[in-house]
Amino acid sequence: ILNVEQSPQSLHVQEGDSTNFTCSFPSSNFYALHWYRWETAKSPEALFVMTLNGDEKKKGRISATLNTKEGYSYLYIKGSQPEDSATYLCAFGGGSQGNLIFGKGTKLSVKP
Amino acid sequence: EPEVTQTPSHQVTQMGQEVILRCVPISNHLYFYWYRQILGQKVEFLVSFYNNEISEKSEIFDDQFSVERPDGSNFTLKIRSTKLEDSAMYFCASSSFGTGSYEQYFGPGTRLTVT
């Protein structure tokens, strides 16, 4: 059974702090790694889809790295703002059929 | 910006009743998915759908579940006889391509409560 793990489960930071969290996934049969940002009562919003080992992607203050050989990805948020408060989900796209296998998420709270 | 919509946002039903959850995917997308999240657990894949057929389904998607694209815009998930353990947030997603390396766009979910 494929398993995706995220850590930490939750994180409380002050506005302006930089933070990062981890997603671990199987290193075999890798297709893609997805990061989503999910605010309560809203649609999960796609942040990144990463496919290549060593990939690094950036969107504003948020960036992500990928290591497919060891099976992990990091998500970084530079200078956290209260509006960054959300649950960050990673999902392993391991097959040609497209179904995603999700981690449990990291819930980030940013205090003003 | 195009988005996936889902109705209703919250559905309460009694055990044994049938429910239909509705989704309108992004209009030019061809691949459609249902996922669910039981409170406190991971988001789980239920089924993928392409060209009016199920492409793949998980072991959760048993005979009580069915999906349909009744017209050119809607995509529905039916649960024939709901159980307490079906209580969850159900998400619909759509994608322009069907492999795991393409972005899936999610709707806001339908919270199903079975009493």
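Quick note on labels: first sequence line is chain A, next is B, and so on, each numbered from 1. All values below were derived from every heavy atom in this structure, side-chain atoms included, with hydrogens, water molecules and symmetry-related copies excluded.
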* **Choice from A91(A), P44(A), A46(A) maximising heavy atom contacts with chain B below 4.5 Å** =>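 Answer, by heavy-atom pair count under 4.5 Å with chain B: P44(A).
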
* With a 4.5 angstrom heavy-atom cut-off, could you sort out which part of F48(A) is near chain B: side chain, backbone, both or neither? =>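 It is neither, since no heavy atom gets under 4.5 Å.
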
* Region of K104(A) in contact with chain B, defined by heavy-atom distances below 4.5 Å ->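 Contact with chain B: backbone and side chain both.
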
Nearest 0.5 Å, please: how far is [atom2] in [Y] from [atom1] in [X]?
X: N99(A); Y: Y33(B); atom1: CG; atom2: OH; value: 8.0 Å
X: F102(A); Y: Q41(B); atom1: CZ; atom2: CD; value: 15.0 Å
X: Q37(B); Y: T87(A); atom1: CD; atom2: OG1; value: 8.5 Å
X: W38(A); Y: M89(B); atom1: CH2; atom2: CE; value: 5.5 Å
X: Q6(A); Y: K42(B); atom1: CD; atom2: NZ; value: 8.5 Å
X: E45(A); Y: F106(B); atom1: CD; atom2: CZ; value: 12.5 Å

* Report the C-alpha distance between Y35(B) and L100(A) in whole Å, list the side-chain angles of each, state the deciding distance to 0.1 Å, and finish with yes or no for side chain to side chain contact (heavy atoms under 4.5 Å, CB included). => CA-CA 9 Å; Y35(B) 294 84; L100(A) 299 179; 3.5 Å; yes

* Asked: Are L11(A) and L75(A) in one and the same hydrophobic cluster, where Ile, Leu, Val, Met, Phe, Trp and Tyr link if side-chain heavy atoms are under 4.5 Å apart?
  ->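 Same hydrophobic cluster.
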
* To do: Indicate, with yes or no, if L33(A) and Y105(B) share a hydrophobic cluster defined by side-chain heavy-atom contacts under 4.5 Å among Ile, Leu, Val, Met, Phe, Trp and Tyr.
  =>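 Hydrophobic grouping puts Y105(B) apart from L33(A).
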
* **Proximal component of F91(B), with respect to chain A [non-hydrogen, under 4.5 Å]** =>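 When you check distances to chain A, only side chain atoms of F91(B) fall under 4.5 Å.
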
Are there more than 12 heavy atoms of other residues, nucleotides or ligands under 6.0 Å from atom [atom1] of [X]?
X: E59(B); atom1: CD; result: no
X: E18(B); atom1: CD; result: yes
X: K57(A); atom1: NZ; result: yes
X: D71(B); atom1: CG; result: yes
X: L84(B); atom1: CG; result: yes
X: E85(B); atom1: CD; result: yes

* What is the minimum heavy-atom distance between G107(B) and S43(A), and which atoms define it? ->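 Looks like C-OG, 3.1 Å.
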
